[in-house]
*Asks:* 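I have a structure I would like to understand better, so I am pasting it below and will then ask my questions one at a time.
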Amino acid sequence: MAEATEIRKLVYLVTGGCGFLGEHVVRMLLQREPRLSELRVFDLHLGPWLEELKTGPVRVTAIQGDVTQAHEVAAAVAGAHVVIHTAGLVDVFGRASPETIYEVNVQGTKNVIEACVQTGTRFLVYTSSMEVVGPNIKGHPFYRGNEDTPYEAVHKHPYPCSKAQAEQLVLEANGREVHGGLPLVTCALRPTGIYGEGHQIMRDFYHQGLRLGGRLFRAIPASVEHGRVYVGNVAWMHVLVARELQRQTALLGGQVYFCYDESPYKSYEDFNMEFLGPCGLRLVETRLLVPYWLLMLLAALNALLQWLLRPLLLYAPLLNPYTLAVANTTFTVSTDKARRHFGYEPLFSWEDSRSRTIRWVRAVEGSAP
Ligand SMILES: NC(=O)c1ccc[n+]([C@@H]2O[C@H](COP(=O)([O-])OP(=O)(O)OC[C@H]3O[C@@H](n4cnc5c(N)ncnc54)[C@H](O)[C@@H]3O)[C@@H](O)[C@H]2O)c1
Ligand SMILES: C[C@@H](CO)CCC[C@@H](C)[C@H]1CC[C@H]2[C@@H]3[C@H](O)C=C4C[C@@H](O)CC[C@]4(C)[C@H]3CC[C@]12C
């Protein structure tokens, strides 16, 4: 017991700690970071599940706050050794305005960096996204690419643009002097499409399938492959990189790492069927019935309707020109940089990731959409 309290001396802050990924990072830190003494969970909306975490050996501090408010961020960061910044506005459906997306993703990240500098926090891990690379607006495939693969990263949509700007700010901040005179050490993790327990889009597809009598309709050719990664492995990568950032500052500082695991390369829809199939849904082949030009027309119509209805209501369907372009462009990652730099191996095999996700979808069954 005395030994355990002796080594527990680190304070971590997880921004966005009540989100889909954030919750997994919080739980993983409590399970796998033995040096943790306090875990601060900062989010705009705090989850009730945080209460049950407060009985363990680590002090869990829930902080309701907004990353766009510099003073709230500085107060939360003060005294923390490590910040894991996962908070972000993930919106490719037109729910939020571009201004709000920039405010949260770019200004929010600036606030986190400045808070580290002012308060003397030295280690910052940023949750970036594969979208800072692509798919680009030209629809170029990125096939089994790694962190050094040349790719024309051109974006127009506010979400990838904001993530790319925020990532750049984080990487440029590496080496900045923080309060106390030591250098800030930063890095960015770029998950591909994350799946697993708590994944809202998977839940939406599941409910849509139930409404359609247990069917989903294939819209994207099966040959278009998407990189996907299990949320538990993404969380584990965050925990590991945060630990190793403190040990190997020169090697890890200023670096980017794709998040990867053993999840198979498949089309977005076929991949989802790995979980939705065992839960009773089937994917109906419609390629001959719905040509791509018709999907583009429907996506454009959705965008028009969204714009027309905006004064009255929020119309934000899954299909729009941007999501169609992303879904229809191959983007897969093949790399071992995280293994080489900080010894990452996936904690969950594909079989584990799959069965955990299926169990979660089954539990979602019957719950309100
Ligand atoms: N879901 C994916 O497939 C995916 C893939 C790559 C990268 N990412 C990145 O991972 C991070 C987490 O994504 P997620 O899928 O868990 O999304 P999420 O929406 O479930 O979680 C984001 C969390 O950030 C919080 N948040 C939003 N605005 C905030 C603000 N102004 N102040 C404080 N907290 C705020 C939200 O309340 C939420 O709890 C994001 O930065 C996202 O860009 C997600
Ligand atoms: C055409 C539809 C018929 O079924 C399918 C539409 C699917 C899209 C809604 C999703 C296809 C690819 C997804 C994105 C991808 O997985 C990576 C992402 C990066 C991350 O940072 C945020 C989420 C997302 C943009 C993700 C969003 C949903 C898709 C566009």
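Note that the coordinates shown come from a computational prediction; the quantities given were computed from them, not determined experimentally. Atoms within each ligand, like the ligands themselves, are counted from 1 in listed order.
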*Asks:* Tell me which protein heavy atom sits closest to atom 21 (O) of ligand 1, plus the residue, atom name and distance to 0.1 Å.
*Replies:* Gly19 CA, 3.4 Å
*Asks:* Is it the case that Asn302 and Tyr315 place a side-chain donor and acceptor less than 3.5 Å from each other?
*Replies:*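 Yes, side-chain donor-acceptor contact under 3.5 Å.
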*Asks:* Would you check whether Thr192 reaches within less than 4.0 Å of ligand 1, judged by its heavy atoms?
*Replies:*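 The answer is yes, since Thr192 has a heavy atom less than 4.0 Å from ligand 1.
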*Asks:* For atom 6 (C) of ligand 2, which protein heavy atom lies nearest, and how many Å away is it?
*Replies:*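 The closest one turns out to be Ala327 CB, 4.2 Å.
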*Asks:* For ligand 1, indicate whether the residue Val90 contacts it via side chain, backbone, both or neither (heavy-atom separation under 4.0 Å).
*Replies:*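 Under 4.0 Å from ligand 1, Val90 contributes side-chain atoms alone.
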*Asks:* So, does Arg218 use its side chain to make a donor-acceptor pair with the main chain of Glu269 at under 3.5 Å?
*Replies:* no
*Asks:* Taking Ala242's backbone N and O only, do any of them form a donor-acceptor pair with Gln246's side chain (distance below 3.5 Å, no angle check)?
*Replies:* yes
*Asks:* Does atom 26 (C) of ligand 2 have any protein heavy atom closer than 4.0 Å?
*Replies:*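 Neighbour list for atom 26 (C) of ligand 2 is empty of protein heavy atoms (cut-off 4.0 Å).
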*Asks:* Flag Tyr268 as yes when one of its N or O atoms lies below 3.5 Å from any N or O atom of ligand 2, and as no otherwise.
*Replies:* no
*Asks:* Around atom CH2 of Trp307, are there more than 12 heavy atoms of other residues, nucleotides or ligands at under 6.0 Å?
*Replies:* no
*Asks:* Considering Ser162, Gly16, Ser128, Gly65 one by one, which has a heavy atom nearer to atom 33 (C) of ligand 1 than any of the others?
*Replies:* Gly65
*Asks:* So if I count the atoms of ligand 2 from 1 in the order they appear, which ones are less than 4.0 Å from some heavy atom of Val90?
*Replies:* 22 (C)
*Asks:* With a 4.0 Å cut-off, would you call Arg354 and Glu351 a salt bridge?
*Replies:* no
*Asks:* Counting non-hydrogen protein atoms only, what is the nearest one to atom 28 (N) of ligand 1? Give residue, atom name and distance.
*Replies:*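 I find the closest protein heavy atom is Val104 CG1, 3.6 Å.
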*Asks:* Where is the nearest protein heavy atom to atom 25 (C) of ligand 1: which residue, which atom, and how far?
*Replies:* Asp43 OD1, 3.4 Å
*Asks:* Step through it carefully: locate the ring centre of His341, locate the ring centre of Tyr257, and say whether they are under 6.0 Å apart.
*Replies:*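 Aromatic pair counts; centres sit under 6.0 Å.
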*Asks:* In plain terms, say whether Arg190 and Glu147 are close enough for a salt bridge, that is, a side-chain N and a carboxylate O under 4.0 Å apart.
*Replies:*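 A salt bridge is absent here (no side-chain N lies under 4.0 Å from a carboxylate O).
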*Asks:* Return the option from Thr86, Val41, Thr127, Thr68 holding the heavy atom at the smallest distance from atom 40 (C) of ligand 1.
*Replies:* Thr86
*Asks:* Can you tell me which residue and heavy atom of the protein come closest to atom 3 (O) of ligand 1, and the distance to 0.1 Å?
*Replies:* Ile194 N, 3.0 Å
*Asks:* Heavy-atom pairs closer than 4.0 Å: do any link ligand 2 to the side chain of Leu319, the backbone, both, or neither?
*Replies:*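 Side chain only.
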*Asks:* Under a 3.5 Å distance rule, please check whether Thr121 uses its side chain to pair with a backbone N or O of Val82 as donor and acceptor.
*Replies:* no
*Asks:* Please work out which of Tyr126, Tyr159, Phe42, Phe20 has its closest non-hydrogen atom nearest to atom 15 (O) of ligand 1.
*Replies:*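 Looking at heavy atoms only, the winner is Phe20.
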*Asks:* Among Val326, Asn328, Ile201, whose heavy atom sits nearest atom 14 (C) of ligand 2?
*Replies:* Val326
*Asks:* When you check the gap from the basic side-chain N to the acidic O, do Arg176 and Glu114 get nearer than 4.0 Å?
*Replies:* yes
*Asks:* Under 4.0 Å between a Lys/Arg side-chain N and an Asp/Glu carboxylate O for Glu23 and Arg27?
*Replies:*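 Judged by the 4.0 Å cut-off on N to carboxylate O distance, Glu23 and Arg27 do form a salt bridge.
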*Asks:* Among Gln200, Arg218, Met130, which one has a heavy atom closest to atom 17 (C) of ligand 2?
*Replies:*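 Looking at heavy atoms only, the winner is Met130.
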*Asks:* Out of Gly22, Gly227, Gly88, Pro191, whose heavy atom sits nearest atom 6 (C) of ligand 1?
*Replies:*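 Among Gly22, Gly227, Gly88, Pro191, the closest heavy atom to atom 6 (C) of ligand 1 comes from Pro191.
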*Asks:* At a 4.0 Å threshold, what atoms of ligand 2 neighbour a non-hydrogen atom of Gly193?
*Replies:*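 It comes down to these atoms of ligand 2: 16 (O).
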*Asks:* Look at atom 16 (O) of ligand 1 and say which protein heavy atom is nearest, naming residue and atom and giving the distance to 0.1 Å.
*Replies:* Leu21 N, 2.8 Å
*Asks:* Using 30° and 60° as the class boundaries, would you call the ring planes of Tyr151 and Phe331 parallel, tilted or perpendicular?
*Replies:* perpendicular
*Asks:* Please state which part of Lys163 comes within less than 4.0 Å of ligand 2, counting heavy atoms only: side chain, backbone, both or neither.
*Replies:*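 Lys163 to ligand 2: no contact under 4.0 Å from either part.
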*Asks:* Report the nearest protein non-hydrogen atom to atom 4 (O) of ligand 2: residue, atom name, distance rounded to 0.1 Å.
*Replies:*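 Answer for atom 4 (O) of ligand 2: Glu269 OE2, 2.8 Å.
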*Asks:* Work out whether the distance between some heavy atom of Tyr195 and some atom of ligand 1 is less than 4.0 Å.
*Replies:* no
*Asks:* Looking only at protein heavy atoms, which one is nearest to atom 29 (C) of ligand 1, and what is the separation?
*Replies:* Leu44 CD2, 3.8 Å
*Asks:* Do any heavy atoms of His226 fall under 4.0 Å from ligand 2?
*Replies:*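 A heavy atom of His226 does come that close to ligand 2.
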*Asks:* Just to confirm my output: which protein heavy-atom neighbour is closest to atom 24 (C) of ligand 2, and how far is it?
*Replies:* Glu131 OE2, 3.9 Å
*Asks:* If you have a sec, work out which protein heavy atom is nearest atom 32 (N) of ligand 1 and how many Å separate them, to one decimal?
*Replies:* Val67 N, 2.9 Å
*Asks:* How close does the nearest protein non-hydrogen atom get to atom 8 (C) of ligand 2, and which residue and atom is it?
*Replies:*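 Protein heavy atom with the smallest distance to atom 8 (C) of ligand 2: Thr323 CB, 4.1 Å.
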*Asks:* Checking side-chain polar atoms at under 3.5 Å, does Arg203 have a donor or acceptor matched by the opposite partner on Gln200?
*Replies:* yes
*Asks:* Counting heavy atoms only, which part of Tyr159 comes closer than 4.0 Å to ligand 2: side chain, backbone, both or neither?
*Replies:* side chain
*Asks:* Please classify the Lys163 to ligand 1 contact at 4.0 Å (heavy-atom distances, strictly less than): side chain, backbone, both or neither.
*Replies:*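 Side chain only; the backbone of Lys163 stays clear of ligand 1.
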*Asks:* Measure the distances from the heavy atoms of Cys18 to every atom of ligand 1 and state whether one is below 4.0 angstrom.
*Replies:* yes
*Asks:* Could you go through Trp236 and Phe342, starting from their C-alpha distance and side-chain angles, then the distance that decides it, and tell me whether this counts as ring pair (Phe, Tyr, Trp, His ring centres under 6.0 Å)?
*Replies:* CA-CA 12 Å; Trp236 172 229; Phe342 55 91; 9.5 Å; no
*Asks:* Can you name the atoms of ligand 2, numbered from 1 with element, that are less than 4.0 Å from a heavy atom of Ser129?
*Replies:* 19 (C), 20 (C), 21 (O)
*Asks:* Only heavy atoms of Ala219, strictly under 4.0 Å: list the atoms of ligand 2 that pass.
*Replies:*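 It comes down to these atoms of ligand 2: 3 (C).
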*Asks:* In sequence, state the C-alpha distance, the side-chain angles, and the governing distance for Tyr260 and Tyr344, and then conclude on ring pair (Phe, Tyr, Trp, His ring centres under 6.0 Å).
*Replies:* CA-CA 10 Å; Tyr260 57 90; Tyr344 164 76; 5.3 Å; yes
*Asks:* Would you say Asp66 and ligand 1 have an N/O pair spaced under 3.5 Å apart?
*Replies:* yes
*Asks:* Short question: side chain of Glu103, backbone of Thr68 - any donor-acceptor pair under 3.5 Å?
*Replies:*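 Absent.
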*Asks:* Please say which of Thr192, Asp261, Asn272 ends up in a side chain to side chain donor-acceptor pair (under 3.5 Å) with Arg228.
*Replies:*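 With Arg228 as partner, Thr192, Asp261, Asn272 yield a single side chain to side chain donor-acceptor pair (under 3.5 Å), made by Asn272.
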*Asks:* Parallel under 30°, tilted from 30 to 60°, perpendicular over 60°: which one fits the rings of Tyr126 and His85?
*Replies:* tilted
*Asks:* Give a yes or no on whether the backbone of Thr127 and the side-chain of Lys163 come within a donor-acceptor separation of less than 3.5 Å.
*Replies:*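 It does hold such a pair.
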*Asks:* Looking at Asn136 and Val154, would you say the former's side chain and the latter's main chain have a donor-acceptor pair under 3.5 Å?
*Replies:*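 It does not hold such a pair.
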